[in-house]
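Remarks on the structure that follows.
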Amino acid sequence: MNSIQIRQAFLDFFSSKQHFIANSAPMVIKNDPTLMFTNAGMNQFKDIFLGNSPTTHLRVANTQKCLRVSGKHNDLEEVGHDTYHHTMFEMLGNWSFGDYFKKEAIAWAWELLTEVYGLEKDRLYVTVFGGDKADGLDPDNEAFKFWKEIVSEDRILYGSKKDNFWEMGETGPCGPCSEIHIDLRDENERREVAGKDLVNQGHPQVVEIWNLVFIQFNRLNSGELKSLPAKHVDTGMGFERLCMALQGKKSNYDTDVFQPYIQKLSEMTGIAYGSGKMTDVAMRVVSDHLRAVAFAIADGELPSNNKAGYVIRRILRRAIRYGYTFLEFREPFVHKLLPVMVENMGKAFPEIAAQQDLISRVIAEEEATFLRTLSVGIHKFEQYLAAHSHQKLVDGQFAFELFDTYGFPIDLTRLMAREQGWDVDMEGFAAGMEAQKTRSRAAASIETGDWVEVKSAAAETRFLGYDQMEAEVELIKYRQVSSKGKTYYQLVLDQTPFYAESGGQVGDRGVLQSGEVTIEVIDTQKENNLVVHIAERIPHPMPSRFFARVDEAKRQQTANNHTATHLLHAALRMVLGPHVQQKGSLVNEERLRFDFSHFAKLTAEEIEKVEAIVNARIRENIIQEEHREMDMAEAQKMGAMALFGEKYGDKVRVISFDKNFSTELCGGTHVHSTGQIGLFRIVSEGAIAAGIRRIEAITGAEAEKYVNARLKELEAVRALLRAPKDTVHAVEQLLEQNESLRKKLDAAQKDQAGQLVEEMAAKAEKLDGVNFIGQLVEMDAKMAKDLAYAIKNKVNNLFLVLGHVAEGKPGIVVMISENLVKERKLHAGNIVRSLAAHIQGGGGGQPFFATAGGKNPAGLDKVISEARKLLA
RNA sequence: GGGGAAUUAGCUCAGUUGGCUAGAGCGUUUGGCUGGCAGCCAAGAGGUCAUCGGUUCGAGCCCGAUAUUCUCCA
């Protein structure tokens with residue numbers, strides 16, 4: 001079976017068992033501070049297990065794209081060096097939400113592995129939970145019983161709490177699990193050591209392939225376990241590993257999941273896979289990382305310099321680094337593997353095929369950027385070697401600077417140093433790294449006080465803001481937060497009209513009133529699904545009931561901009577095409593910012609067209625149509641624009657302005673009818689990354705202000721030009737005239753200066769074979785300097801002293817011909833310094849030219865006479 | 001969120017305790033030579049040294065702020 005068939009067989013099998021086949025959730029997670037990427041199949045069902053939301057299907061199965069870059073068993077720097085770790089992988093899983101339990105889960109897992117996939121039964125072992133005294137848990141005899149019905153007893157092993165009891169976190173749903181392991185060793189090896197002795201012993205060929213979790217408890221804060229009324233099944237099977245088992249390979253990278261990339265790399269480099277340790281590692285690294293990066297970009301996460309985007313950049317750069325060092329690539333190459341990926345995964349993951357062009361461009365651009373970074377680093381490194389040629393040791397501080405400031409990887413520094421017979425002070429490097437980490441941690445620390453619980457509340461804050469701007473609310477809890485010397489307070493309410501920042505729309509401001517007491521809310525944010533109102537000051541004592549009022553003007557303008565964003569999105573798709581997809585947005589009361597995929601600069605005509613469409617829609621005064629609780633499927637039927645893969649089971653809110661024009665999934669606040677927006681103007685358009693463009697625009701009063709300011713500006717220009725018929729032409733003429741006048745003036749000035757130079761040169765006195773000129777002139781320092789240089793070109797054997805005054809400030813310029821400097825050991829700098837004493841000033845310069853400035857113009861005569869004495 | 005850096009000609013970059021009327025290569029223009037592969041030679045144009053402010057006799061260089069970009073850490 002090839003990997004495509006293996007994946008499909010899994011889905012078909014559970015479909016035949018009445019499972020709903022869900023889409024893979026996005027690999028990139030938004031709005032969860034604890035998790036940046038989906039790292040397990042169950043992530044998207046977390047709320048169902050927690051009891052926060054109901055499920056629409058009792059049985060679900062899917063393949064889930066996952067990303068792991070850190071954790072106890074998965075350090076990014078290790079991936080590729082062995083044959084089984086990955087950053088991005090697929091997790092096959094089936095779930096029961098309060099429906100079937102251990103019996104079916106076990107029976108179906110066995111049926112799929114042995115009958116559908118045809119794995120040899122005598123290579124399989126299963127483990128069940130062996131009980132735990134501290135938790136007062138008995139062994140999972142139930143699971144044992146069901147297993148015994150299908151496999152011989154000597155293949156069932158009891159496992160520890162560490163291996164066979166699964167918990168989501170410190171608290172929450174948990175339960176025993178049962179794992180299926182497979183022994184993939186040769187016959188010989190199997191005869192020597194029994195497979196059952198190697199289960200869970202870290203042997204690379206005796207591995208777990210499927211974990212069946214039986215969620216039957218809830219762990220409380222006290223540590224106590226409580227039985228759950230509804231029991232769930234949560235299973236996970238690593239797809240890449242399954243392929244290895246089914247295809248009889250010794251390594252995940254030998255399966256057809258990875259081989260196509262490796263073969264392509266081999267073809268590109270002329271290096272056979274298996275011909276060298278490090279070239280093999282590099283090929284594994286590149287093929288693994290390509291998959292991770294491509295999926296992340298498809299989910300809208302671009303390589304960038306912070307957070308999730310930075311993780312993606314690091315992964316991609318690691319791939320480039322290995323390619324650069326071990327495969328000798330000097331040009332962007334990773335993106336060239338993308339067509340291979342589309343061929344292999346495009347069907348199961350349509351987002352990859354649909355966005356191939358974008359992904360390829362983004363990767364290629366990032367590759368080019370990084371190769372530039374590398375060449376800058378190499379340059380710096382070479383400069384360092386040249387400057388420190390005596391020591392043969394690269395200072396740790398410098399190695400760290402290369403890494404920290406120029407992004408130059410430390411292993412490349414070591415490699416290049418070794419090639420020159422140098423060493424790198426790694427301790428110094430580590431010390432720099434440690435100092436950096438300490439600094440960051442100190443800066444990141446925020447002190448949060450304990451929550452003051454005012455009233456107990458079960459559910460999350462109810463949001464009223466779609467319908468009202470004011471409400472009676474009750475305080476649930478509040479606390480003080482300090483960071484960097486600033487103190488503020490967070491307040492949680494039972495219900496609120498305040499919109500918390502999300503989906504690009506900023507949070508509401510407003511006030512909370514209780515009698516005479518007013519709390520000013522300066523922002524509203526979401527923290528772990530908790531709506532927190534932020535205030536700089538709170539009263540003592542704290543009232544428990546408030547009348548909440550949102551700042552309506554700000555909200556109104558924000559709504560203008562948010563609705564305009566939707567209209568803009570739709571208009572862009574009309575004008576540019578359906579490849580336009582939202583890649584980010586920001587909406588506040590002043591303006592809107594919209595990032596979208598598109599490959600070229602918008603022409604002036606395109607921008608005009610987009611603006612015209614949006615403004616026409618505004619004038620049509622289209623009434624908002626809102627569906628607050630809609631199923632995903634229904635929303636899609638309506639043609640709602642959304643990124644690939646929303647979370648399964650979510651009810652979504654759909655906003656449309658003319659169903660045939662703009663229909664989007666959106667939680668934000670909008671105008672009731674588009675006429676409120678008034679006017680829409682695009683103020684800037686530009687690129688922010690390869691294939692991504694950004695438009696900034698304004699609406700309503702802001703747009704009016706903008707247009708008026710422009711008109712006023714134009715009027716002012718016209719008035720200055722005496723209101724010509726054709727303003728542009730008039731300005732062009734003016735510029736032409738100006739240019740020709742400037743040239744004439746230049747010539748005239750040169751002429752004049754030439755005359756002055758002639759005059760001055762004529763005043764030269766022969767003193768001891770030297771042409772001495774000492775003159776007082778009315779000009780500023782810049783002109784005197786120019787004059788001195790001009791005279792120097794005219795007169796040889798020159799010793800020139802100019803005393804100049806401008807705006808009451810005296811200065812001295814001394815110029816001496818180079819031959820005199822040499823022959824007579826004269827130094828203009830020293831001379832000017834002594835002369836400057838007469839005008840109460842100071843100065844200096846080079847041997848042939850120097851300047852000084854002072855306070856006493858009356859001393860200039862003395863300066864000239866003293867200068868003459870120097871030659872006499 | 002915090003640290004470090006960069007910004008000089010159309011492009012890639014030099015510019016050394018502040019002394020500079022700011023340079024190189026590539027590109028470009030003009031002229032000449034030349035049967036070709038990055039042709040050769042000569043001459044020229046092209047810079048508010050990111051912006052604003054400060055220190056100084058003098059700032060591309062030092063100091064402060066701003067903007068943009070890069071980079072590391074969280």
Side-chain angles (χ1 to χ4, degrees), chain A residues 33 36 70 303-311 313-314 317 365-366 368-380 382-383 386-387 397-410 429-430 432-446 481 483-486 684 686-689 694 743 750 753 780-793 802-806 809-816 821 827-857 860 863:
Chain A
M36 286 195 291
S70 56
S304 76
N305 57 359
N306 55 34
K307 306 218 164 120
Y310 184 54
V311 174
R313 168 171 283 175
R314 262 169 48 201
R317 291 191 166 191
E365 173 71 24
E366 182 67 23
T369 305
F370 187 53
L371 289 171
R372 258 201 307 279
T373 300
L374 287 184
S375 73
V376 169
I378 289 168
H379 189 75
K380 289 262 167 204
E382 280 166 355
Q383 280 181 333
Q397 205 56 49
F398 174 72
F400 180 69
E401 185 193 326
L402 264 184
F403 170 73
D404 181 59
T405 303
Y406 298 98
F408 199 74
I410 184 64
F429 176 82
M433 197 75 192
E434 199 43 52
Q436 154 97 300
K437 286 188 182 181
T438 313
R439 248 197 328 266
S440 283
R441 241 178 255 130
S445 80
I446 45 170
V481 179
S483 78
K484 284 179 291 158
K486 273 189 202 156
S684 80
I688 58 162
R694 167 172 294 175
K743 275 186 185 150
K750 233 182 209 164
D780 64 21
K782 172 82 169 80
M783 283 166 72
K785 185 177 180 181
D786 287 343
L787 180 62
Y789 272 92
I791 296 173
K792 181 184 146 204
N793 287 334
L802 291 176
H804 58 85
V805 188
K809 279 184 140 183
I812 310 168
V813 170
V814 175
M815 173 72 81
I816 305 174
V821 169
H827 194 290
N830 297 335
I831 293 168
V832 87
R833 209 165 290 131
S834 68
L835 294 177
H838 305 300
I839 55 168
Q840 294 173 28
Q846 303 130 284
F848 76 98
F849 175 78
T851 58
K855 292 173 198 152
N856 178 22
L860 282 174
V863 167

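Every chain is numbered from 1 and lettered A, B, ... according to where its sequence line falls, protein lines coming before strand lines.
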Spacing of [X] atom [atom1] relative to [N] atom [atom2], expressed in whole Å:
{"X": "A:Met433", "N": "B:rC73", "atom1": "CE", "atom2": "P", "value": "4 Å"}
{"X": "A:His827", "N": "B:rG19", "atom1": "NE2", "atom2": "P", "value": "13 Å"}
{"X": "A:Phe403", "N": "B:rC70", "atom1": "CZ", "atom2": "P", "value": "17 Å"}
{"X": "A:Leu402", "N": "B:rC70", "atom1": "CG", "atom2": "P", "value": "19 Å"}
{"X": "A:Asp780", "N": "B:rG58", "atom1": "CG", "atom2": "P", "value": "12 Å"}
{"X": "A:Ile839", "N": "B:rG58", "atom1": "CD1", "atom2": "P", "value": "12 Å"}
{"X": "A:Lys437", "N": "B:rC72", "atom1": "NZ", "atom2": "C1'", "value": "11 Å"}
{"X": "A:Phe848", "N": "B:rG58", "atom1": "CZ", "atom2": "C1'", "value": "14 Å"}

Does [N] have a Watson-Crick or wobble partner in any strand here, with both distances under 3.5 angstrom, and which is it?
{"N": "B:rG44", "value": "B:rU28"}
{"N": "B:rC37", "value": "none"}
{"N": "B:rA9", "value": "none"}
{"N": "B:rC62", "value": "B:rG54"}

Nearest-angstrom distance, [atom1] atom, [N] to [M]:
{"N": "B:rC62", "M": "B:rG44", "atom1": "C1'", "value": "37 Å"}
{"N": "B:rA9", "M": "B:rA22", "atom1": "P", "value": "14 Å"}
{"N": "B:rU66", "M": "B:rG46", "atom1": "P", "value": "36 Å"}
{"N": "B:rG19", "M": "B:rG58", "atom1": "P", "value": "15 Å"}
{"N": "B:rA65", "M": "B:rG23", "atom1": "P", "value": "32 Å"}
{"N": "B:rG35", "M": "B:rU30", "atom1": "P", "value": "22 Å"}
{"N": "B:rA14", "M": "B:rU8", "atom1": "P", "value": "11 Å"}
{"N": "B:rU55", "M": "B:rA74", "atom1": "P", "value": "42 Å"}

Is [X] touching bases, backbone alone, or none of the nucleic acid, heavy atoms closer than 4.0 Å?
{"X": "A:Gly407", "answer": "sugar-phosphate"}
{"X": "A:Gly842", "answer": "base"}
{"X": "A:Ala790", "answer": "base"}
{"X": "A:Gly844", "answer": "base"}

From [atom1] ([X]) to [atom2] ([Y]), nearest 0.5 Å:
{"X": "A:Ile816", "Y": "A:Ile831", "atom1": "CD1", "atom2": "CD1", "answer": "4.0 Å"}
{"X": "A:Phe400", "Y": "A:Thr405", "atom1": "CZ", "atom2": "OG1", "answer": "7.5 Å"}
{"X": "A:Asn856", "Y": "A:His838", "atom1": "CG", "atom2": "NE2", "answer": "11.0 Å"}
{"X": "A:Asn830", "Y": "A:Leu835", "atom1": "CG", "atom2": "CG", "answer": "11.0 Å"}
{"X": "A:Leu802", "Y": "A:Thr851", "atom1": "CG", "atom2": "OG1", "answer": "11.5 Å"}
{"X": "A:Gln397", "Y": "A:Asp404", "atom1": "CD", "atom2": "CG", "answer": "9.5 Å"}

Which nucleotide in B:rC70, B:rC73, B:rC57 has an atom nearest any side-chain atom of A:Thr851: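 Side chain of A:Thr851 sits closest to B:rC57.
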Taking the nucleotide of RNA chain B with the closest heavy atom to each, which residue, A:Gly845 or A:Gly853, is nearer the 5' end?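 On the 5' side of the pair lies A:Gly845.
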Closest-nucleotide 5' rank along RNA chain B - winner of A:Phe400 and A:Ala788: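 Result of the comparison: A:Ala788.
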Please list each protein N or O that sits under 3.5 Å from an N or O in nucleotides 4-7 of chain B, with the distance.
from	atom 1	to	atom 2	distance (Å)
B:rG4	O2'	A:Thr405	OG1	2.6
B:rG4	N2	A:Thr405	O	3.0
B:rA5	O2'	A:Tyr406	OH	3.3

Assess whether atom NZ of A:Lys792 is packed by more than 12 heavy atoms of other residues, nucleotides or ligands within 6.0 Å.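 Buried by this count: over 12 neighbours within 6.0 Å.
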Does a side-chain heavy-atom distance below 4.5 Å link A:Phe408 with A:Leu374?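 Yes - at least one pair of side-chain heavy atoms lies under 4.5 Å apart.
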pair A:Tyr406-A:Lys380: side-chain heavy atoms closer than 4.5 Å: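 Yes, their side chains come closer than 4.5 Å.
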So does A:Arg313 get a side-chain nitrogen or oxygen closer than 4.0 Å to the phosphate oxygens (OP1/OP2) of B:rU71?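 Yes, such a contact exists.
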